[in-house]
Amino acid sequence: MKATHDESTFTLTGNIWSATYPLEELPKWLHFYRDRCERFPRAASSYAATIAALEALEKALAAQT
């Protein structure tokens, strides 16, 4: 999973899909995927790469401010 961004959006890119969202929705999506891990522990490994990519993006954006 890869997360990239420009000045107003971020894009998640997986092996077979991608989606673009406004940057202000980053916390919402992090919460969503973390919640999936908690609610569906058997599938947690499926979300790990997405969470890691979003957390790295969040850290990179925080370093820019």
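The first residue of the sequence shown is numbered 1, and numbering continues consecutively from there.
Among residue pairs with one or both ends in residues 8-18, none qualify as salt bridge (charged side-chain N to carboxylate O under 4.0 Å, His left out); sequence neighbours excluded. Sorted by first then second residue, the salt bridge (charged side-chain N to carboxylate O under 4.0 Å, His left out) pairs that include residues 10-24, not counting sequence neighbours, number zero.
Summarising the geometry, atom OG1 belonging to Thr50 is positioned 5.5 Å from atom OH belonging to Tyr33; distances are rounded to the nearest 0.5 Å. Atom CG of Leu57 and atom CG of Leu23 lie 7.0 Å apart (nearest 0.5 Å).
Evaluation of the side-chain hydrogen bond (donor to acceptor under 3.5 Å, both in side chains) rule for Glu25 yields Trp29 as partners, not counting sequence neighbours. Considering only residues two or more places apart in sequence or on other chains, Arg34 meets the salt bridge (Lys or Arg N to Asp or Glu O under 4.0 Å) condition with Glu55.
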With a cut-off of 3.5 Å and sequence neighbours excluded, list every side-chain donor-acceptor pair involving residues 13-22.
{"unit_1": "Thr20", "atom_1": "OG1", "unit_2": "Thr11", "atom_2": "OG1", "d": "2.9"}

Would you mind writing out the side-chain donor-acceptor pairs for residues 36-45 within the sub-3.5 Å range, not counting sequence neighbours?
none

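Leu54 has its side chain within reach of Leu12: a pair of non-hydrogen atoms, C-beta onward, lies under 4.5 Å apart.
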